[in-house]
Amino acid sequence: MQKYDVKKEHAALYSPSATTFSDVVVPPLNYLAVDGEGDPNTAPAYAAAIEALFSTSYTIKFASKAHGRDFVVGPLEALWTADDTDAFVSRDKDSWRWTALINQPEWITADDVAAALSTVAAKKPNPALTLTRLITLDEGRSIQILHVGSYDDEGPTLARLHDEYLPQNGLTFNGLHHEVYLSDARRTAPQKLKTVLRQPVRPY
C-alpha cells in the first residue's frame with residue numbers, strides 16, 4: 001500500500017532554502033483546522049487544539065488505512081494574524097490569533113472527520129474537538145524560507161521579508177502568515193528547530 005505523504009507530494013513547499021526566499025505556487029490543500037488566540041506558549045486553548053488535531057488525524061489515518069488508503073500524518077502547521085503585523089516581528093504573542101492545521105489527503109471527507117471526532121471525543125473529552133473542522137486553503141503565489149532556530153528568533157527574517165523583499169519585488173500580502181513546523185519542539189533543541197515561514201502574496 002503506497003502512503004500519501006504531503007511532504008513528498010509537495011516537496012517544494014516543505015523543503016525550501018534556508019538562505020534565500022523561494023517564490024512558489026501553493027495549490028488548494030485540505031486541512032483539519034482549529035481557531036484560537038493568545039500566546040501559544042501559555043494559552044491552554046493552543047495545547048488543546050494541538051491535541052485535538054493530532055488525535056483526530058491519527059484516527060482518520062487508521063480508518064482510511066482499513067479501507068485501503070494510507071497516509072503519513074503531516075506536520076503541525078498554523079496560520080497567524082494580528083491587528084498589527086509588526087506584532088510578529090516584535091513577538092507580542094498575546095495579541096496573536098491563530099488557526100492550527102494538519103494537512104489531510106484529498107480523499108478525506110467531512111463525514112470521515114465527523115466520525116473520527118466522535119471516536120476521539122468518546123475516549124477523552126477535549127473542548128477543542130467541537131472547534132475542529134475540515135477546510136480547504138488556497139494560498140496561491142507565496143514567498144517562503146526555511147528558518148532554523150528558535151521560534152523567537154524569527155523576527156529578523158520576517159522583517160527582511162516584510163520590509164525588504166516584498167517591496168523590492170513589487171509584492172504585498174495576500175493571505176495570512178503561514179508556518180510549518182518540521183521539527184518536534186518537545187524533542188528538538190531550540191537552535192535546531194526547522195520551520196517553514198510562508199507568506200501568500202500578490203503584486204501591489
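Note that the structure is a prediction, hence the values are computed from the model and not measured.
For Phe71, there are no ring-ring contact (aromatic ring centres under 6.0 Å, His included) partners two or more places apart in sequence or in a different chain. For the salt bridge (charged side-chain N to carboxylate O under 4.0 Å, His left out) test, no residue two or more places apart in sequence or in another chain qualifies with Arg160. Listed by chain and number, the residues in a side chain to side chain donor-acceptor pair (under 3.5 Å) with Thr19 are Ser17 (sequence neighbours excluded). Not counting sequence neighbours, Tyr14 has no partner by the ring-ring contact (aromatic ring centres under 6.0 Å, His included) test. Qualifying salt bridge (charged side-chain N to carboxylate O under 4.0 Å, His left out) partners for Lys194, counting only residues two or more places apart in sequence or in other chains: none. Under the rule for a side chain to side chain contact (heavy atoms under 4.5 Å, CB included), the partners of Asp111 that lie at least two apart in sequence or sit in another chain are Thr109. Considering only residues two or more places apart in sequence or on other chains, Asn30 meets the side chain to side chain donor-acceptor pair (under 3.5 Å) condition with Thr136. Judged as a side chain to side chain contact (heavy atoms under 4.5 Å, CB included), and not counting sequence neighbours, the contacts of Pro27 are His10, Leu13, Leu29. Looking at residues two or more places apart in sequence or on another chain, you find no salt bridge (charged side-chain N to carboxylate O under 4.0 Å, His left out) involving Asp138. Evaluation of the salt bridge (charged side-chain N to carboxylate O under 4.0 Å, His left out) rule for Asp5 yields Lys7 as partners, not counting sequence neighbours.
Legend: salt bridge (charged side-chain N to carboxylate O under 4.0 Å, His left out) pairs involving residues 32-45, not counting sequence neighbours, sorted by first then second residue: Asp35-Arg133.
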For a quick test of your reading: what N or O donor-acceptor pairs under 3.5 Å do the side chains of residues 52-59 make, sequence neighbours left out?
from	atom 1	to	atom 2	distance (Å)
Ser55	OG	Glu51	O	2.9
Thr56	OG1	Ala52	O	2.7
Ser57	OG	Leu53	O	2.8
Ser57	OG	Gln104	NE2	3.1
Thr59	OG1	Ser55	O	2.8

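Atom CD of Gln191 sits in a crowded spot, with more than 12 heavy atoms from other residues, nucleotides or ligands closer than 6.0 Å.
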